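One structure is given here, and the rest of the page talks about it.
If you're wondering where the values come from, they're calculated on a predicted model, not measured in any experiment. Chain identifiers are assigned alphabetically (A, B, ...) following the order of the sequence lines, protein sequences preceding nucleic acid strands; residue numbering begins at 1 within each chain.
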Amino acid sequence: MPAGFPKNTFMQIAQYLKALAAQALHALYGIETDAAQVTINETKPEFEGDYTIVLFQYVKQARKSPEAMGQEMGAWMLANSEENLTAFNVIKGFLNLSVADAYWIHFLENHYQPDYGRHAGNGKKVMVEYSSPNTNKPLHLGHLRNNFLGWSIAELYKWNGYDVRKTCIVNDRGVHICKSMLAWQKFGNGATPESTGMKGDHLVGDFYVQFENALRKEAAPLQEQLLAGESIAALDEAIAAKATLLFQKLQEAGLPAEKKAEITDELKDIARNATTLMQEVRQMLLKWEQGDEETINIWRMMNGWVYAGFDTTYNRIGSDFQTIYYESETYLLGKQYVDEGLAKGVFYKKEDGSVWIDLTAEGLDEKLVLRKDGTSVYITQDIGLAKRKYEDYPMEQSIYVIGDEQNYHMDVLQLICKKLGMPFADGIHHLSYGMVDLPTGRMKSREGTVVDADDLCDEMEKVAAAKTEELGKVEGFTQEELQQLYHTLGLGALKFFLLRVDPKKRMVFNPEESIDFHGFTGPFVQYSFARIQSALRKASWEQPTAPATLAADTVLQPLEKQLIVLLEQFPQVLHNACAEMNPSLVAIYAFTLASQFNSFYARHSITKAENESARQLRLHICALTAHVIQNSMQVLGIAVPARM
RNA sequence: GGCCCGGUAGUUCAAUGGAUAGAAUAGGAGUUUCCUAAACUCUAGAUACAAGUUCGAUUCUUGUCCGGGCUACCA
C-alpha cells in the first residue's frame, strides 16, 4: 500500500483527485476553489490516462495557456499524489491522469464484503409513499412504474444509511367506490370471487366498468337533449339555468373548436349527473357517510375482495409497506387545520362560507380548501394526512411517488403546509414520474388498451419459460426451481425495463421490446451474474472473510482494470442515484458493469488463467463483480439467479 | 388563453457547459476443439428550426414549429 493512501475507504479516487487538484490550484496560482467545483471526467478511451481534470475554467485566473497550466498542474499533482498517480499528459485544457495499478489492486484486496456499497446508518428518517391504488380497479402498467420506482427509492435510501418507512394511501371511499358497489347490487346477482373464480380486484373492477357502461347508456339521450337546447327533468333550477347558458354560448358564431368541445363536455357532464344512476350513487355515498349498516357491509365486503387481490399482486411484484393509510380513516383529518389557517390569516372565507387560499403571489391560483357546505376537498385531506404521517414517523424527508399530472397539486400542497408552518413542509418531495405510453399512444380504459399488471406478469413469465426451455441449460432443476427462475427472469425483465429510464420522463412501453432478453435488459445482467457464479463454482471459490493479499507480480490487463475502475465507483453511483432520486442511474451502471464483464469473460480465461497470480486476480474481480451486480439489482428490486 | 414539461440514429433510451454526441435494438459482416453463444467482435446510422451568451452549447437565454400535461366546490 502506497504511503498516504486515502485513509477513508469510502473515499474514491475521483474525489481524492478533485481535492488534490484544488490544492494544486491553490499552491500554484493562489486560486481558492472547493474540491466539489473541480470538473473531473473519466478519460476518453482514445487518450492515455484514467481520469481527466478540465482546466479551461481556471485559465483566466492563472494567466497561463491551458497547455502550460496543464503541465504545471500535472507535475504538482504527480509529486504530491503520494504514489497514487504514475503519469500525466496534457491535451489542450485537459489534464489526463494515470492512477497507479497499486491503487486498484489495493482496492480489490480490501473490498471483499458482500454488502459492498452499503453506507453506515445516519439515523435520519425518510418516508416513502408509493403505489396508492384506487379500490375500484386492478393495478395496471402505470401502477407498476410507480410501485417499482417507490420500492427502489426506498431501497436507495436504505443503502445510503437512512431509516425508511414505506407507506401507501388506499383510496377506498368516494363516488367511484360507490359506483362499483351499486353495479354489484344491480347486476351482480350475488357474485363473489369464490363463485366466479375471479381475483377480487378484477371482479370489482368489472363492476365499475359495468356501471360506466350503464351510465353511458342512460346519459346518451339526455346529452342529446341538452345539446339540442331542450331542457331535461331532474335538474335543479341553478343547474338548468347553467345548462341553458352553456347552450346559448355554444350557438355563438366563430367559437373556436377547442372551446366548443369544452362546452360540449360540460353539458354532457350535466346530463351524466342528472341520470338516476348518478342520483343513486350519491344517495349511496350519503348513506356511507352516515354509517348506514347495509352500505357499510357491502363496502367492507367488496373492499375485502380488492385487498385480497392486491395482496396477491403486491406479493408477486415485491411491493411492501410498513404503514397503510386508508382514506376512509383519514379524509376528515384536514378540517381542523382550516380553522388554524383562518386564525393565522393563511386562509380566507368567502360570503358563501367556502374557504380559500390565495397563491397568486407564488404564481399559482386561488385554491379552495373547504366547500361551502363545510366538507373537505382533496387538498384538505392531504394536509391532514401529511400531518398524520409526521406524527407517526417524524421524518426529515417525506417522499411522494405520484405521476407528473399532479405536479401542480403537489406544489400547492407543499406551499400550504409551509404557510401553515408545518415542521415537515420543507421535507416534502414529490417524486414526479412520467406516464407510460403504448406505441399507439396513451392507455385508455374506454378503448380497452390498458395493460393489466397481472396479465403482464403472466406474459413475462411465459416468455421466460419458453426462452429457457429453448436454450435447455437448466438440467437438474426441480419444477419448483423452474417456476422460481421464470418468475425471477420475467419480473426482472419487466422491472428493469421500467426502471432503466429517467423517472421524470414519459416513456413508451413496447410489449415486444420489453420481453426481449438481449441487450440493455434485466436478463442480460442476470445472465452475467449466472456466468460468474458458474466460474466461481468451477474454481471452488469461497467467500473470503478478510482482506486478500494478491501476489506482488500481479499485473492488470486493460479489461481487468476497466472492471475494477467501475467497481470502485459503485458507492458513488448509489449516492448519486439517491440524491437525484433516480434508480435508472443504477440500472445503467449495472448494465455497463455486466457488459464489460462479458467482454472480459470472452477475452480472458478465469479458471485457466496464464498463471496463479492472474487466476487469483480474476477470481477476486469475479467475486466483487458478482456482489456489485447483485447489490445493484437488489436496489432495483430484482433477484439474480445462480444458474439460468 | 395562462402555467409546466418534452423534441437526440429507423425505433427505445444516455450524455454535472467540455475532447470525435454514447448504448441497446433493428440492418450488414464475423467468432464456439477452451469457465454458460441469453455471449463476444467489427460495421453503418441522430442533436426539430433560427438567433444569442462563450474559449467551448444536446445542455443556458429568446423566438418559431410540433407533441404532452395541468388549469373542478372530482379524487
Side-chain angles (χ1 to χ4, degrees), chain A residues 36 39-41 43-44 46-47 52 54-57 59-60 66 91-94 96 134 171 173-176 256 258-259 266 269 327 331 350 352-356 363-365 367-373 375-379 381-382 403-409 411 432 434-435 437 439 441-442 464 467-468 470-471 473 489 497 500-502 504-510 512-514 516-521 523-524 526-528 530-539 576 580 584-585 588 591-592 594-595 597-609 618 622 643-644:
Chain A
T39 306
I40 190 165
N41 296 318
T43 304
K44 300 252 169 194
E46 54 268 39
F47 301 106
T52 299
V54 183
L55 298 173
F56 293 106
Q57 56 261 55
V59 167
K60 236 178 228 166
I91 295 167
K92 292 190 273 181
F94 299 97
N96 302 321
N134 276 329
N171 204 290
R173 64 161 286 280
V175 206
H176 49 292
E258 209 173 283
K259 196 79 195 166
E266 240 176 291
D269 241 22
E327 195 190 309
Y331 79 109
K350 288 192 176 173
D352 65 3
S354 58
V355 180
W356 297 72
L364 306 177
D365 304 300
K367 295 296 293 182
L368 177 96
V369 294
L370 203 65
R371 294 192 187 99
K372 66 182 171 211
D373 64 7
T375 56
S376 57
V377 290
Y378 187 34
I379 195 87
Q381 300 173 29
D382 275 352
D404 63 7
E405 72 273 11
Q406 293 201 39
N407 283 353
Y408 180 73
H409 174 79
D411 284 348
S432 160
M435 257 173 204
D437 285 325
R442 198 174 168 166
K467 198 81 195 159
T468 304
E470 185 189 318
L471 292 170
K473 296 186 186 182
L489 296 179
F497 190 87
R500 68 183 200 181
V501 181
D502 185 337
K504 291 189 290 294
K505 295 193 177 160
R506 204 173 238 273
M507 66 176 291
V508 173
F509 181 87
N510 185 324
E512 270 109 60
E513 275 175 33
S514 68
D516 194 347
F517 289 0
H518 304 276
F520 188 16
T521 66
F524 175 93
Q526 290 170 319
Y527 174 68
S528 311
R531 278 180 133 184
I532 298 175
Q533 293 310 309
S534 173
L536 291 177
R537 276 194 302 271
K538 287 249 155 64
N576 293 348
E580 293 174 30
S584 78
L585 297 179
I588 292 167
F591 170 69
T592 307
S595 178
F597 177 82
N598 281 325
S599 297
F600 158 80
Y601 183 92
R603 175 75 182 75
H604 299 293
S605 179
I606 298 157
T607 50
K608 291 175 190 156
R618 287 175 194 163
C622 282
R643 285 180 60 194
M644 66 181 271

Distances for protein N or O near nucleotides 73-75 of chain B N or O, under 3.5 Å:
unit_1 : atom_1 : unit_2   : atom_2 : d
B/C73  : O2     : A/Lys372 : N      : 3.3
B/C73  : N4     : A/Asp352 : OD2    : 2.4
B/C74  : OP2    : A/Arg371 : NE     : 2.3
B/C74  : OP2    : A/Arg371 : NH2    : 2.5
B/C74  : O3'    : A/Arg371 : NH2    : 3.4
B/A75  : OP1    : A/Arg371 : NH2    : 3.0
B/A75  : OP2    : A/Tyr378 : N      : 3.4
B/A75  : O3'    : A/Glu327 : OE1    : 3.3
B/A75  : O3'    : A/Glu327 : OE2    : 3.1
B/A75  : O2'    : A/Asn171 : ND2    : 2.9

Is the shortest heavy-atom distance from the side chain of [X] to the side chain of [Y] under 4.5 Å?
X	Y	value
A/Val377	A/Arg371	yes
A/Asn598	A/Arg531	yes
A/Gln57	A/Thr39	yes
A/Phe94	A/Leu55	no
A/Cys622	A/Tyr601	no
A/Met435	A/Glu405	yes

Reported CG-to-CD distance for the pair A/Asp382 and A/Glu327, which is rounded to 0.5 angstrom |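 It comes to 8.5 Å.
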About how many Å separate CD1 of A/Ile91 and NZ of A/Lys44, when rounded to the nearest 0.5 Å?
->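 Atom-to-atom, A/Lys44:NZ and A/Ile91:CD1 are 12.5 Å apart.
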Looking at B/A19, does its base get a donor-acceptor pair with the side chain of A/Thr52 below 3.5 Å?
->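 Per atom types, the contact qualifies.
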Side chain A/Asn96 and base B/A19 donor-acceptor under 3.5 Å | yes
In whole Å, what is the span from the NE2 atom of A/His518 to the P atom of B/G27?
->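 These atoms are roughly 12 Å apart.
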Could you pull out all residues at least two apart from [X] that satisfy side-chain contact (heavy atoms from CB on, under 4.5 Å)?
X	answer
A/Val59	A/Pro66, A/Met69
A/Arg618	A/Gln557, A/Glu560, A/Phe600, A/His604, A/Ile606, A/Ala609, A/Glu610, A/Ala614
A/Lys467	A/Glu470, A/Phe517, A/His518

Those residues at least two apart in sequence (or on a different chain) that pass salt bridge (Lys or Arg N to Asp or Glu O under 4.0 Å) with A/Asp502 are A/Lys504
Quick one: list whatever passes salt bridge (Lys or Arg N to Asp or Glu O under 4.0 Å) with A/Asp437, sequence neighbours left out.
-> A/Arg506
Ring pair (Phe, Tyr, Trp, His ring centres under 6.0 Å) partners for A/Tyr378, two or more places apart | A/His409
Residue set satisfying ring pair (Phe, Tyr, Trp, His ring centres under 6.0 Å) with A/Tyr527, at least two apart, ordered chain then number -> none
When you compare B/A72 with B/U54, how far apart are their P atoms, in angstrom units rounded to a whole number?
->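 Going atom to atom, P in each nucleotide, I get 43 Å.
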Could you give the distance separating B/U32 and B/G27 at their C1' atoms, to the nearest angstrom?
-> 24 Å
Pairing stems for RNA chain B [at least three consecutive pairs; Watson-Crick or G-U; under 3.5 angstrom] |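 Stems found: B:1-7 with B:65-71, B:10-13 with B:22-25, B:27-31 with B:39-43, B:48-52 with B:60-64.
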Quick test: give all pairs of protein nitrogen or oxygen and nucleotides 41-46 of chain B nitrogen or oxygen below 3.5 Å, distance rounded to 0.1 Å.
unit_1 : atom_1 : unit_2   : atom_2 : d
B/U41  : OP1    : A/Ser599 : OG     : 3.0

The answer to which of A/Phe517 and A/Lys367 contacts RNA chain B further toward the 5' end, by nearest nucleotide, is A/Phe517
Does NZ or CZ of A/Arg500 lie under 6.0 Å from the centre of the six-membered ring of A/Phe591, at an angle within 45° of the ring axis?
-> no
Base, sugar-phosphate alone, or nothing: which one does [X] contact when heavy atoms must sit under 4.0 Å apart?
X	answer
A/Asn598	sugar-phosphate
A/Lys60	sugar-phosphate
A/Thr468	base

Just by protein heavy atoms under 4.0 Å, how would nucleotides 31-37 of chain B read 5' to 3' in B, S and -?
-> ---SBBS
Which protein N or O atoms sit under 3.5 Å from an N or O of nucleotides 10-18 of chain B?
unit_1 : atom_1 : unit_2   : atom_2 : d
B/C13  : OP1    : A/Val508 : N      : 2.6
B/A14  : OP1    : A/Asp502 : N      : 2.9
B/A14  : OP2    : A/Lys505 : NZ     : 3.4
B/U16  : O4     : A/Thr39  : OG1    : 3.2

